[in-house]
Structures are given as structure tokens and as C-alpha cells.
Amino acid sequence: MPFSHALSPQDRVMVFAPHPDDEALGCGGLIQHAVALGAPVRVVFQTDGDNNPWPQRYVEQRWSIDMDCRRRWGARRRLEAGRSVQTLGLRAEDAVFFGLPDQGLTALHQMHDEEALGLHVAELETFRPTLLVVPSQDDNHPDHEGSYGLIQEAMKRAGMDLAQWAYLIHRRWFCPEASGLTLQLTLQQKARKLAAIECHETQLFLSSARFCGYARDQEIFIPSQPD
């Protein structure tokens, strides 16, 4: 179906990315679309993607990875994320980093972690979005499922009931084409999305073809409207 839920310059779009790279893979075209309209966009990186051992082992030629190594890797991925959002047309200050535990978002959600929820609530209340762009609850990655759960609980705590468009990266059985909103990317948007993906160079050493393959002609979102 066409991209019928049109954005407007009055919208305020908040994108949640469990890890640096999800913003480009899942909605790099949508971010460009919102920027072109003049709609404010905030990208929230919930983790720094620091628990990412196999690419780090390959790049740094080490086997043992301690906390100092992880912090260094997370800092590198933050820099990549900053370059990515600027490639998509945003300013560096349009990105927010929570620094929550990579591979730990589901546990934080299950524990109703007050610190993690407090970060989410504060960001919602500060930015006052009209639309949330979130990982799908059907995504086959524990951090993406946990991200979705944290967002839903934070939204309730903030007393907000917002439209949400979910993106799906790690598919299982679910086929978003059956019920989704389709955004057709222009050639320029597709090229810029690819350039944003390539900013995440740490992730390309072992998975270049898979990552760059997300720069498709379309992006598909599963919409949900306020009750």
C-alpha cells in the first residue's frame, strides 16, 4: 500500500535505535523524508553497541575483550552513529545516547528498571514527539524486543499515547509487506541511506553485503495509532 500516513512539518519524530546502525538500517529513508519536510527529528540510541565481540576481535586482532575494550568499542560506535545521523541530514545534537547495557534491554524491561525507564520518560517529556519510530516487537533480536517494551512502558508513565511506526530488521516469520506502510525512496535517498550505513564501518568488516543490502528501494513500517 502507498505511504498514506503523511508526515507534516508540524510533526516531531522520535526514532529509537537499540544499537548504533539501527537508525540507518531501519529508517534512514524516513529520517531523510522528515528532514526534507522540516519536521524535527530526534534519534535515541539506547545502547552503544559495545557488546559486539566478533567484529571487535576481527578488527583489533585480540581474543580477550574486557570492560576497557568494550568501552573503547562503544565510543567508536558512538562516533559512527554521529556521522550516520549527520549523513542523513541531522545535526550531531539531534542524537541522544543512553548508554544502556548492550544485550541487556530485555532484562531492563523485565525488571522495570527505574533508571532506564527514567531516561526514556525524560526524553519523551523533553522532546514531546508526535510520532515514535520504534523497533518491532516481532523482531528476532532480544534487544529490539526489549527496546519496544521499554518504550511502551515509558510512554505510559509519561501519560502519552502516540502514533508509532515499527521497523523490522531481524525478521522471523512476520512479513511487514502484508500490512505495512511503504515509503518509496528516491535514488538520492537510497544513496544517502547507503552512505549512512557505511558510516558504521565496524559492522561492515564481517557483514558488509548484509548491511548494505538494507539500502533498498523501499522502507516498510508497521503502524499503530493511539487508542
Side-chain angles (χ1 to χ4, degrees), residues 7-28 30-31 34-35 37-51 70-71 74-75 77-86 88-137 139 141-167 169 221 223-227:
L7 293 176
S8 78
Q10 286 69 48
D11 276 306
R12 298 178 62 81
V13 181
M14 178 169 280
V15 174
F16 283 94
H19 315 97
D21 69 30
D22 290 319
E23 82 298 337
L25 299 174
C27 48
L30 176 60
I31 291 172
V35 169
L37 288 172
V41 179
R42 178 75 56 88
V43 180
V44 178
F45 293 97
Q46 292 161 293
T47 81
D48 292 340
D50 57 295
N51 190 6
R70 283 184 53 176
R71 280 190 288 269
R77 294 198 67 183
R78 279 198 187 200
L79 291 174
E80 292 174 347
R83 291 194 292 269
S84 172
V85 297
Q86 291 178 79
L88 294 172
L90 298 174
R91 304 165 301 169
E93 55 264 37
D94 293 321
V96 176
F97 296 88
F98 284 172
L100 296 173
D102 187 10
Q103 307 295 329
L105 295 185
T106 291
L108 293 177
H109 172 232
Q110 292 172 342
M111 294 186 298
H112 306 283
D113 185 86
E114 292 298 325
E115 181 179 357
L117 287 166
L119 289 170
H120 287 76
V121 170
E123 202 59 42
L124 288 169
E125 292 178 339
T126 300
F127 188 70
R128 307 299 297 182
T130 62
L131 173 67
L132 302 183
V133 183
V134 302
S136 171
Q137 63 182 330
D139 217 329
H141 190 297
D143 268 347
H144 288 227
E145 295 178 72
S147 165
Y148 180 86
L150 285 168
I151 294 162
Q152 304 314 303
E153 185 169 349
M155 189 167 57
K156 290 179 182 176
R157 292 193 180 197
M160 297 179 177
D161 189 15
L162 302 170
Q164 300 179 70
W165 295 352
Y167 58 87
I169 292 178
F221 302 92
S224 61
Q225 296 301 318
D227 295 332

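For reference, positions follow the sequence shown, starting with 1. Values in this document were obtained by computation on a predicted structure and should not be read as measured data.
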Do Asp94 and Arg91 have side-chain heavy atoms sitting under 4.5 Å apart?
-> yes
What is the minimum heavy-atom distance between Ala95 and Phe45, and which atoms define it?
-> CB-CE1, 3.9 Å
Heavy-atom closest pair, residues Val41 and Ala34 | CG2-CB, 3.6 Å
Check the surroundings of atom CD in Glu115: do more than 12 heavy atoms from other residues, nucleotides or ligands lie under 6.0 Å from it?
-> no
Sole residue of Leu90, Val96, Asp22, Val133 in side chain to side chain contact (heavy atoms under 4.5 Å, CB included) with Val43 = Leu90
Between the CZ atom in Phe98 and the CG atom in Leu105, the distance rounded to the nearest 0.5 Å is 10.5 Å
Counterpart residues, side chain to side chain contact (heavy atoms under 4.5 Å, CB included), relative to Ser8 (two or more places apart) = Gln10, Asp11
Which residues satisfy the side chain to side chain contact (heavy atoms under 4.5 Å, CB included) test with Gln86, sequence neighbours excluded?
-> Ala92
Distance in Å, Arg83 CZ paired with Leu79 CG, rounded so as to fall on 0.5 Å steps | 6.0 Å
Reported CG-to-CZ distance for the pair Leu131 and Phe221, which is rounded to 0.5 angstrom = 9.5 Å
Is Val35 close to Leu88 at the side-chain level, that is, under 4.5 Å between some pair of heavy atoms?
-> no
Are His120 and Gln46 close enough that a side-chain donor and a side-chain acceptor fall under 3.5 Å?
-> yes
Look up atom OG1 in Thr126 and atom CZ in Arg42, then write down how far apart they are to the nearest 0.5 Å.
-> 7.5 Å
Minimal non-hydrogen separation, Arg128 against Glu125, with atom names = CD-O, 2.9 Å
Minimum heavy-atom distance between Ala17 and Glu23, given as atom pair plus value = CB-N, 3.9 Å
Of the non-hydrogen atoms in Leu25 and Ile169, which two are nearest, and what is the gap between them?
-> CB-CD1, 3.9 Å
Donor-acceptor pair, side chain of Asp139 and main chain of Glu145, under 3.5 angstrom = no
Just wondering, do Pro18 and Thr47 contact through their side chains at under 4.5 Å, heavy atoms?
-> no
Who passes side chain to side chain contact (heavy atoms under 4.5 Å, CB included) against Ala166, sequence neighbours left out?
-> Val134, Ser136, Ile222
Can you find a pair of side-chain heavy atoms, one from Arg70 and one from Asn51, that are under 4.5 Å apart?
-> yes
Side-chain contact test, heavy atoms from C-beta onward, threshold under 4.5 Å: evaluate it for Leu100 versus Leu119 and give yes or no.
-> yes
Fit a plane to each ring of His144 and His19, take the angle between them on a 0 to 90° scale, and name the class: parallel (under 30°), tilted (30 to 60°) or perpendicular (over 60°).
-> tilted
With Asp48, which residues qualify under salt bridge (charged side-chain N to carboxylate O under 4.0 Å, His left out), at least two apart?
-> Arg78
Which pair of non-hydrogen atoms, one from Val15 and one from Cys27, has the smallest distance, and what is that distance?
-> CG1-SG, 3.6 Å
Distance-only donor-acceptor pairs under 3.5 Å for side chains of residues 150-160, two or more places apart:
{"residue": "Gln152", "atom": "OE1", "partner": "Gln164", "partner atom": "NE2", "Å": "3.0"}
{"residue": "Gln152", "atom": "NE2", "partner": "Tyr148", "partner atom": "O", "Å": "3.4"}
{"residue": "Gln152", "atom": "NE2", "partner": "Gln164", "partner atom": "OE1", "Å": "2.7"}
{"residue": "Glu153", "atom": "OE1", "partner": "His112", "partner atom": "ND1", "Å": "2.9"}
{"residue": "Glu153", "atom": "OE2", "partner": "His112", "partner atom": "ND1", "Å": "3.1"}
{"residue": "Glu153", "atom": "OE2", "partner": "Arg157", "partner atom": "NH2", "Å": "3.1"}
{"residue": "Arg157", "atom": "NH1", "partner": "Glu114", "partner atom": "OE1", "Å": "2.8"}
{"residue": "Arg157", "atom": "NH1", "partner": "Glu114", "partner atom": "OE2", "Å": "3.2"}
{"residue": "Arg157", "atom": "NH2", "partner": "Glu114", "partner atom": "OE2", "Å": "3.2"}

Partners passing side chain to side chain contact (heavy atoms under 4.5 Å, CB included) against Ala122 (at least two apart in sequence or in another chain) | none
Inter-residue atom distance Phe127.CZ - Leu132.CG, 0.5 Å rounding | 10.0 Å
